[in-house]
Every structure is written in structure tokens, then in C-alpha cells.
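What follows is a single structure, written as C-alpha cells, with notes after it.
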Amino acid sequence: MNQALKAYEIPLSGDLMRDIEVFFKLNNDSETLQHTLKVAAEARNVAGLYDVDPVKAEQAGLLHDISNVIPVSNMLEAAKQLSIDILEEELKYERILHQKLSRAMAESIFNITDEDILSAIECHTTLKPDAALLDKVLFISDKISWELPGDHAYLLEIRDEVYNQKLDKGVLIYLDSIWEQRSKLKLVHSWLLLAREQLITADHNLVQMQGVKEEFDRLNDAQ
């Protein structure tokens with residue numbers, strides 16, 4: 001195991017839920033543990049709506065924020081020691097590296113080899129272009145699990161879309177909210193921007209196809 005992660009190594013029981021609880025308790029991070037359990041349950045639930053493996057979704061949820069035990073001030077150095085590919089914008093805001101660090105820790109500490117799970121963990125904060133269904137399930141489950149103070153009506157809207165079989169629509173609502181706040185944020189990650197552009201294009205193409213179908217049906221009905 002890379003020396004950067006040696007301090008976080010734990011003996012594994014074979015029960016990931018139990019191991020995650022032990023991991024966070026040993027690192028005195030009950031707040032992240034509670035969030036993790038909510039995301040894992042939400043991811044399992046959402047996965048069932050989209051024919052995604054619920055076990056993989058739950059495991060990705062359990063592992064997505066394990067790097068929170070690393071102090072933010074140490075994240076960049078840890079990423080370098082682990083030979084993680086660091087984008088230029090990530091040098092300006094180290095915290096965003098936690099998604100990539102969580103992937104590395106899932107591999108090294110928890111022996112996760114399933115690429116579907118690792119991919120979802122790696123982009124759970126920003127999403128990424130060409131995202132797989134599991135990537136989107138974990139990404140949106142992380143967001144709709146939040147319990148934020150104040151008025152966040154867009155989260156209710158996202159939940160409605162996701163629970164009504166419109167996953168991409170729900171994801172796009174969140175990405176649009178980030179785009180609209182871009183001038184106030186420390187960083188808008190390039191993966192997020194590319195993922196948003198792809199979803200906008202896909203949504204536009206879908207609308208066009210629906211329009212063509214409706215016109216075709218109208219002409220057939222008129223004959």
C-alpha cells in the first residue's frame with residue numbers, strides 16, 4: 001500500500017457496511033459516516049428505478065467520501081504521492097480532489113476492483129462526460145441526500161424528476177444550478193461543464209426526435 005494511505009488502513013471483515021462504520025469511527029468522523037449511510041441507501045433506491053445493480057450502487061455510496069478523513073490541506077500532496085492525474089483547476093481548489101482520492105482509497109484500502117464502482121466514486125461530485133448510469137445514480141443520490149438549511153426548491157424538483165424515471169433531467173437541473181452560480185463559486189470543474197454540455201445536446205436531440213414523431217403520427221392520422 002502507498003505510504004500516503006498507510007495510516008488509514010484497517011483490517012477488513014468482508015462486510016463493507018461494517019468496515020465503513022469502523023473506518024469512520026476510527027477516524028473520528030461521525031458526520032461523514034451519517035452522510036455516507038444516507039447516500040448509500042438513496043443510491044440503492046434510485047438504482048432500482050433505472051435497472052442499475054443496487055449492490056454496486058450501495059457500495060459506491062458507502063465509499064464515495066472515504067477521503068474526507070484526509071485533511072483538506074493534505075489532499076494535494078496525497079494525490080501527488082498516489083500519482084493521481086491532477087487537472088490544472090484542481091490545483092486551485094484542493095477539496096475537489098476528494099473524489100479521486102476516494103477512488104484510490106477504495107482500491108487500496110477496501111480492495112475494490114470493479115471499474116463501475118470506481119468510476120462512480122471518482123466523479124460523484126462533478127460527474128464527467130460520457131457518464132455511465134451508475135455514475136449518474138451516485139452523483140444525484142449524493143445531491144438529493146443533502147439536508148441543507150434554507151430554501152433549496154431545486155432539490156425537491158430534482159427528486160421529483162429522478163423518482164419519475166427522468167434521471168438525466170434531474171441531473172441537468174443540478175448542473176444548471178451550478179452553472180447559474182458559477183461567478184460565486186471557487187471552481188466549476190471542467191468535467192461538470194462537459195457533462196452538462198452532453199446532457200443539453202442529448203435533451204435537445206430528444207425534443208427534436210419527439211417533434212418528428214409527433215408530426216409523423218399527425219400525418220398518418222390525417223390519411
Side-chain angles (χ1 to χ4, degrees), residues 1-86 94-128 131-147 162 167:
M1 179 178 296
N2 190 291
Q3 200 61 34
L5 300 181
K6 196 69 177 174
Y8 304 105
E9 186 178 14
I10 64 168
L12 301 179
S13 69
D15 181 334
L16 183 58
M17 179 77 74
R18 181 185 301 173
D19 291 339
I20 286 295
E21 290 178 352
V22 169
F23 176 80
F24 281 117
K25 287 175 181 176
L26 285 175
N27 287 284
N28 299 309
D29 192 353
S30 60
E31 183 177 351
T32 300
L33 173 58
Q34 293 309 308
H35 167 70
T36 291
L37 296 177
K38 289 177 184 177
V39 174
E42 188 66 59
R44 188 180 185 101
N45 178 46
V46 172
L49 301 173
Y50 296 96
D51 198 27
V52 172
D53 187 330
V55 175
K56 287 187 179 184
E58 181 180 66
Q59 290 179 343
L62 290 172
L63 293 158
H64 80 287
D65 266 350
I66 51 177
S67 65
N68 276 2
V69 301
I70 300 176
V72 174
S73 58
N74 295 345
M75 285 187 173
L76 180 57
E77 182 57 34
K80 289 178 179 178
Q81 289 184 35
L82 293 164
S83 300
I84 289 173
D85 182 29
I86 303 170
E94 295 180 26
R95 177 72 178 88
I96 202 68
L97 283 167
H98 85 280
Q99 60 181 3
K100 294 181 178 179
L101 285 168
S102 287
R103 173 188 171 126
M105 294 173 74
E107 289 183 276
S108 296
I109 298 174
F110 293 91
N111 299 328
I112 302 299
T113 59
D114 189 303
E115 182 57 34
D116 294 340
I117 296 172
L118 295 172
S119 173
I121 295 168
E122 183 181 45
C123 67
H124 76 265
T125 300
T126 62
L127 204 56
K128 61 183 176 184
L133 265 178
L134 181 55
D135 297 336
K136 296 175 185 177
V137 165
L138 179 60
F139 173 81
I140 210 63
S141 296
D142 182 39
K143 309 305 179 283
I144 61 179
S145 297
W146 291 341
E147 294 180 2
V162 171
L167 180 60

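Judged by distance alone, with hydrogens and angles left aside, the side-chain atoms of Asp65 form no donor-acceptor pair with the main-chain N or O of Thr36 at under 3.5 Å. Under the 3.5 Å distance criterion, the side-chain polar atoms of Asp19 are matched with a main-chain donor or acceptor of Ser13. A donor-acceptor contact shorter than 3.5 Å links the side chain of Tyr50 to the backbone of Leu167. Judged by distance alone, with hydrogens and angles left aside, the side-chain atoms of Glu42 form no donor-acceptor pair with the main-chain N or O of Ser145 at under 3.5 Å. Under a 3.5 Å cut-off, the side chain of Lys38 and the backbone N or O of Gln34 do not form any donor-acceptor pair.
Nearest heavy atom pair, residue Asp116 against residue Leu134, reads O-CD2, 3.5 Å. The two atoms that bring Ile121 and Ala60 nearest to each other are CG1-O, 3.9 Å, heavy atoms only. For the pair Ala57 and Ala47, the tightest heavy-atom approach, listed with the atom from each and the gap, is CB-CB, 3.6 Å. Closest approach of Val46 and Val137 over heavy atoms only: CG1-CG1, 4.0 Å. Across every non-hydrogen atom of Met75 and Ser67, the tightest pair is CE-O, 3.5 Å.
Once rounded to the nearest 0.5 Å, the distance linking CD1 of Ile20 with NZ of Lys25 reads 12.0 Å. With rounding to the nearest 0.5 Å, the separation of CG in Asn28 from CG in Leu33 is 12.0 Å. Taken from CD1 in Ile112 to CD1 in Ile117, the straight-line distance is 5.5 Å, to the nearest 0.5 Å. Here CG of Leu138 is found 12.0 Å from CD of Gln59. Values are rounded to the nearest 0.5 Å. A distance of 10.0 Å separates SG of Cys123 from CZ of Arg103, quoted to the nearest 0.5 Å. To the nearest 0.5 Å, atom CG of residue Leu97 and atom NZ of residue Lys100 are 6.5 Å apart.
Within a 6.0 Å sphere centred on CG of Asp15, heavy atoms belonging to other residues, nucleotides or ligands number more than 12. Other residues, nucleotides and ligands contribute more than 12 heavy atoms inside 6.0 Å of the CD atom of Glu115.
Partners of His98 according to the ring-ring contact (aromatic ring centres under 6.0 Å, His included) rule, which considers only residues two or more places apart in sequence or in another chain, are His124.
Each of Ile66, Asn68, Leu118, Ile70 was scored for a side-chain contact (heavy atoms from CB on, under 4.5 Å) with Ser102, with one residue passing: Ile66.
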| Test log, rule side chain to side chain contact (heavy atoms under 4.5 Å, CB included), inputs Leu63 and Leu16 | CA-CA 9 Å; Leu63 293 158; Leu16 183 58; 4.1 Å; yes
| Are Leu62 and Leu37 close enough, and set up right, to give a side chain to side chain contact (heavy atoms under 4.5 Å, CB included), and what steps lead you there? | CA-CA 6 Å; Leu62 290 172; Leu37 296 177; 4.1 Å; yes
| task | Apply side chain to side chain contact (heavy atoms under 4.5 Å, CB included) to Glu122 and Gln99, showing your working. | result | CA-CA 5 Å; Glu122 183 181 45; Gln99 60 181 3; 5.6 Å; no
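Counting only N and O atoms by type, the side chains of Ser119 and Asp135 include a donor and acceptor under 3.5 Å apart.
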Anything under 3.5 Å between a donor and an acceptor, one on a side chain of residues 4-11, the other on a protein residue two or more places apart or in another chain? List them.
from, atom 1, to, atom 2, distance (Å)
Lys6, NZ, Glu9, OE1, 3.2

